[in-house]
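Take a look at the structure set out below.
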Amino acid sequence: MAIERTFSIIKPDATKRNLTGKVVAKFEDAGLRVVASKRIQMSQAQAEGFYAVHKDRPFFGELVEFMISEPVVVQVLEGEDAIAKNREVMGATNPADAAEGTIRKEFALSIGENSVHGSDAPETAAEEIKYFFNDDEIVG
Ligand code: CMP
């Protein structure tokens, strides 16, 4: 296993319900370190660009609307096997399928309002981190 970095978003349904700290505690309890963090209001163009891979999916419009509906917290998480570990802590995309103790099982409202996003592979992690952070904003 290697030390990796992954990208995370605490989504509007979670920031709106004041769950930022509880979500971060889940990451930290799993051994992930927050090495960059900022609370932002995403623009429509930013959300459309970030989710461009989903632009032909039927839920794309709804997804973008949701992601700009309230502030989000974008973060870089670092640790052993961080990409897989983060996905494990988040739980399945649909909270109905998420395992006990995961963020989505405890906090998510639906498949769309599912509290967190996490990178799915090293290439996407690198791209997603770059989309929101300059190198000098990441302090390990
Ligand atoms: P995320 O990991 O942010 O990546 C794409 C997002 O699309 C996903 O989490 C879900 O929140 C969202 N999504 C996936 N399927 C659906 C769906 N059927 N309806 C609404 N949103 C969806």
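What's counted below: heavy atoms across the whole structure, side chains too, no hydrogens, waters or symmetry copies. First listed ligand is number 1; within each ligand, the first listed atom is number 1.
The aromatic rings of Phe7 and Phe133 sit perpendicular, their planes meeting at an angle over 60°, well past the 30° parallel limit.
Between Glu100 and Lys105 there is a salt bridge, since at least one side-chain N of the basic residue sits less than 4.0 Å from a carboxylate O of the acidic one. The existence of a salt bridge linking Glu106 and Lys22 is excluded, since no basic side-chain nitrogen approaches an acidic carboxylate oxygen closer than 4.0 Å. The pair Lys38-Glu137 counts as a salt bridge, with a side-chain nitrogen and a carboxylate oxygen less than 4.0 angstrom apart.
For Val116, no nitrogen or oxygen atom sits less than 3.5 Å from a nitrogen or oxygen atom of ligand 1, counting backbone and side chain alike.
The side chain to side chain donor-acceptor pair (under 3.5 Å) test with Asp13 is passed by exactly one of Ser115, Ser110, Ser69: Ser115.
Proximity of Phe66 to ligand 1 is not established, as no heavy-atom distance is less than 4.0 Å.
The protein atom (non-hydrogen) at minimum distance from atom 7 (O) of ligand 1 is Phe59 CE1, 3.3 Å. The single protein non-hydrogen atom nearest to atom 11 (O) of ligand 1 is Ile111 O, 2.9 Å, given as residue, atom name and distance.
Close approach of ligand 1 to Asn114 is summarised as follows: ligand atoms under 4.0 Å from at least one heavy atom of the residue are 9 (O), 10 (C), 11 (O). The ligand atoms of ligand 1 that sit less than 4.0 angstrom from a heavy atom of Tyr51 are 1 (P), 3 (O), 4 (O), 5 (C). For ligand 1, the atoms closer than 4.0 angstrom to any heavy atom of Glu62 are 20 (C).
Residue-level proximity to ligand 1 for Leu63 is carried by the side chain, the only part with a heavy atom below 4.0 angstrom. With a 4.0 Å cut-off on non-hydrogen atoms, Arg104 touches ligand 1 through its side chain and not its backbone. When non-hydrogen atoms are compared, ligand 1 lies under 4.0 Å from neither the backbone nor the side chain of Arg57.
Annotation for Ala47 and Val64: closest pair CB-CG1, 4.0 Å, computed over non-hydrogen atoms.
Summarising the contacts of atom 2 (O) of ligand 1 with Glu113, His117, Lys11, the nearest heavy atom is found in His117.
Between Phe50 and Phe132, a ring centre-to-centre spacing shorter than 6.0 Å is recorded.
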Exercise. Start with the C-alpha gap between Ser119 and Glu128, add the side-chain angles, then the distance that decides, and say whether side-chain hydrogen bond (donor to acceptor under 3.5 Å, both in side chains) holds.
Key: CA-CA 7 Å; Ser119 309; Glu128 292 176 356; 2.7 Å; yes
